[in-house]
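Presented below is the structure to which this report refers.
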Amino acid sequence: NNANDTGVTIDLVGVEDDKGDPAIARAAINRLIDEGAQAFVGDITSALSEAVLPLIDQNEAFFVLGTSWADELTGADHPTVFRVRVANGALATDGMLPYLSNLAESEGVHSFGILAEDSSFGRGLLAAVEQGIAEQLPEGTEAHSEASPANSTHVTAQPPALKQAPPTPAPVAPLAA
């Protein structure tokens, strides 16, 4: 309980560990809402945030995102969800595209392999990078992508599939958050 000058109090209802599992995350959000929680802080991946978003919206609870970067998690469709970190568009424009542009110009690389998490973050960032490649990099530059399951720690099948894409793409850092 923390009262400030306005008399508003904030009571901690509980702390839960979702263990990176969307089903556990949904159950925890339901349990905390049943116990009176009206706001939530914290997330690890866009896939987990996406899993609990229907419960947040349905209960008109507030949700502050820290590490979920998927653009579609905030905006008019989710008026009670707020972000405190960069979103897909900014990460693509300010991070990935300058890096790919440098490789294309200095190394002559025009084919890139990108491993993306199969979540709103991974799909959104990949779409932003592919759009940026089409608009900003030299003609003929392309991205080949493979998706890994959201929240997966096992991605051994995707890199060999990327290597087989003609022409052989240069590997790029995985996209997951």
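Side chains included, hydrogens not; waters and symmetry mates left out as well; all remaining heavy atoms used. Model, not experiment: these values are computed from the prediction.
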- Treating Ile, Leu, Val, Met, Phe, Trp and Tyr as nodes and any side-chain heavy-atom pair under 4.5 angstrom as an edge, say whether I24 and F40 lie in one connected cluster. no
- Does L103 belong to the same Ile/Leu/Val/Met/Phe/Trp/Tyr cluster as L126, with side-chain heavy atoms less than 4.5 Å apart forming each link? yes
Let me check something: any side-chain donor-acceptor pairs from residues 132-140 under 3.5 Å, sequence neighbours excluded? List them with distances.
unit_1: E135; atom_1: OE2; unit_2: Q131; atom_2: NE2; d: 3.0

- Euclidean distance, F63 CZ relative to T74 OG1, rounded to 0.5 Å: 11.5 Å
- Taking atom CG of L65 and atom OG of S49, what is their separation to the nearest 0.5 Å? 5.0 Å
Looking at [X] and [Y], what are the two nearest heavy atoms and their distance?
| X | Y | value |
| --- | --- | --- |
| A61 | T80 | O-OG1, 2.6 Å |
| L48 | P22 | CD2-N, 3.4 Å |
| V129 | L97 | O-CD2, 3.8 Å |

- Please identify each residue that fulfils side-chain hydrogen bond (donor to acceptor under 3.5 Å, both in side chains) with E105, with sequence neighbours left out. S101
- Tell me, please, which residues at least two apart from S145 pass side-chain hydrogen bond (donor to acceptor under 3.5 Å, both in side chains). none
- Task: May I ask you to decide if K19's main-chain N or O and D17's side chain share a donor-acceptor pair within less than 3.5 Å?
- Result: yes
Side-chain donor-acceptor distances from residues 26-38 under 3.5 Å, at least two apart:
unit_1: R31; atom_1: NE; unit_2: E16; atom_2: OE2; d: 3.2
unit_1: R31; atom_1: NH2; unit_2: E16; atom_2: OE1; d: 3.1

- Can you list every side-chain hydrogen bond (donor to acceptor under 3.5 Å, both in side chains) pair that touches residues 54-66, not counting sequence neighbours? D57-H78
